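Just so it is clear, the model here is predicted, and its values are computed rather than measured. As the structure lists them, so they are numbered: ligands from 1, and atoms in each ligand from 1.
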Amino acid sequence: MLNKFKGIIPAFYACYDDAGEISQERIIKLSQYLYGKGIKGLYVGGSSGECIYQSLAERKATLKYVAESLQGKLTLIAHVGAPSTKESVELAKYAEELGYDALSAIPPIYFQLPESAIEKYWLEIMNSTELPFIIYNIPQTTGYNLSVSLLKRLLKNDKLIGVKNSSMPVMDIERFKAAAHEEFIVFNGPDEQYVSGRLIGADGGIGGTYGVMPELFLKAEEFIATGNFSNAREIQHDINDIIIALCSLNGSMYSVIKEILKIRGINIGSVRGPLEALHGEDLGKAEGIKRMIDEAIEKYQMA
Ligand SMILES: CC(=O)N[C@@H]([C@@H](O)[C@H](O)[C@H](O)CO)[C@@H](O)CC(=O)C(=O)O
């Protein structure tokens, strides 16, 4: 039953028109583009979806347009983490109405709340619908790192089916797997460690750079699945060179990714402030990173 969650799941990017408003047309275009690449599913409205910078209405619109475009074709996970429990529950109920396959949420943001408040927050989301739930652990942005003791308490609720783990130690993946039951899913979060994450026990991955180079992550997965570890290590090395390049320009990584997609004919606008758009002398440099991606795709085509 949980197989539908195991594989390459790109974190869906925020899609804006040229005025910076949510664009239905561009959401559909990106959804269809990624679907055509052979991915397993989409994680909608997470970090790459710029969720924190969007209103409730904008987040609902994105959930709706992706669902309308891909329902029944791909596994769809709705990230519903929001500043208040009330808004998170509203998004959760809406995602259930739309037919999403699962919900997910970061812990509460801004105030550094005690673990008891985080537990209550996740439980209230879980209890608000019939959908399965996936914890989003991303301590480098939220300031809270999921503890094994909280995971064990939350596991008493059958709706909890997994953790999307974006913390950097791959050992966390192994600890979360060991603390849970056999069916429990752990998603690798740091794209720079996809191969290591899978080898230590992750069942698949949800990542912010998959959308700009899905071919490479699908290939890495193929190498792992067929036991070709030397190629898996090599493709991870090439992926990491690309990620370092994506993060090296003036402007947020997402603005560089969006520029590359634009060159490919998938225009989803730029990023929303306070994220910085690509600017200054780096404006023309996305083309070079696109070339790196194309060369890597070509290199592994026959492997
Ligand atoms: C800290 C962070 O942003 N982590 C990313 C990674 O995919 C990250 O972009 C990648 O590893 C490059 O550093 C994801 O875990 C985020 C993600 O999946 C999402 O957009 O929800």
Check ligand 1 against the protein and report each N/O to N/O distance under 3.5 Å, formatted as atom name, atom name, distance.
| residue | atom | partner | partner atom | Å |
| --- | --- | --- | --- | --- |
| ligand 1 | 7 (O) | D191 | OD1 | 3.0 |
| ligand 1 | 7 (O) | D191 | OD2 | 3.0 |
| ligand 1 | 7 (O) | G208 | N | 2.7 |
| ligand 1 | 11 (O) | D191 | N | 2.8 |
| ligand 1 | 11 (O) | E192 | OE1 | 2.7 |
| ligand 1 | 13 (O) | E192 | OE2 | 2.6 |
| ligand 1 | 15 (O) | K164 | NZ | 3.2 |
| ligand 1 | 15 (O) | S166 | OG | 2.6 |
| ligand 1 | 15 (O) | G189 | O | 3.4 |
| ligand 1 | 18 (O) | K164 | NZ | 2.7 |
| ligand 1 | 20 (O) | S47 | N | 3.4 |
| ligand 1 | 20 (O) | S48 | N | 2.7 |
| ligand 1 | 20 (O) | S48 | OG | 2.6 |
| ligand 1 | 21 (O) | S47 | N | 3.0 |
| ligand 1 | 21 (O) | Y136 | OH | 3.0 |

message: Please evaluate residues E87 and S84 with respect to the criterion side chain to side chain donor-acceptor pair (under 3.5 Å), reporting the C-alpha separation (whole Å), side-chain torsions for both, the decisive distance (0.1 Å), and the verdict.
response: CA-CA 5 Å; E87 287 169 302; S84 71; 3.1 Å; yes
- request: Mark yes or no: K60 above the aromatic ring of Y94, with NZ or CZ under 6.0 Å from the six-membered ring centre and no more than 45 degrees from the axis.
  value: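 Yes, cation above the ring, under 6.0 Å and within 45°.
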Sub-6.0 Å ring centroid separation between F187 and Y43: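 No, the ring of F187 stays outside the 6.0 Å limit from the ring of Y43, centre to centre.
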Which residues share a side chain to side chain contact (heavy atoms under 4.5 Å, CB included) with R198, sequence neighbours left out: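 For R198, the residues satisfying side chain to side chain contact (heavy atoms under 4.5 Å, CB included) (neighbours in sequence not counted) are Y194, E221, I224.
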message: For the residue pair Q32 / S69, report whether a side-chain donor-acceptor contact shorter than 3.5 Å exists.
response: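 Distance-only check passes for S69 and Q32.
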field: Test log, rule side chain to side chain contact (heavy atoms under 4.5 Å, CB included), inputs I243 and M213
entry: CA-CA 10 Å; I243 294 177; M213 44 180 163; 3.8 Å; yes
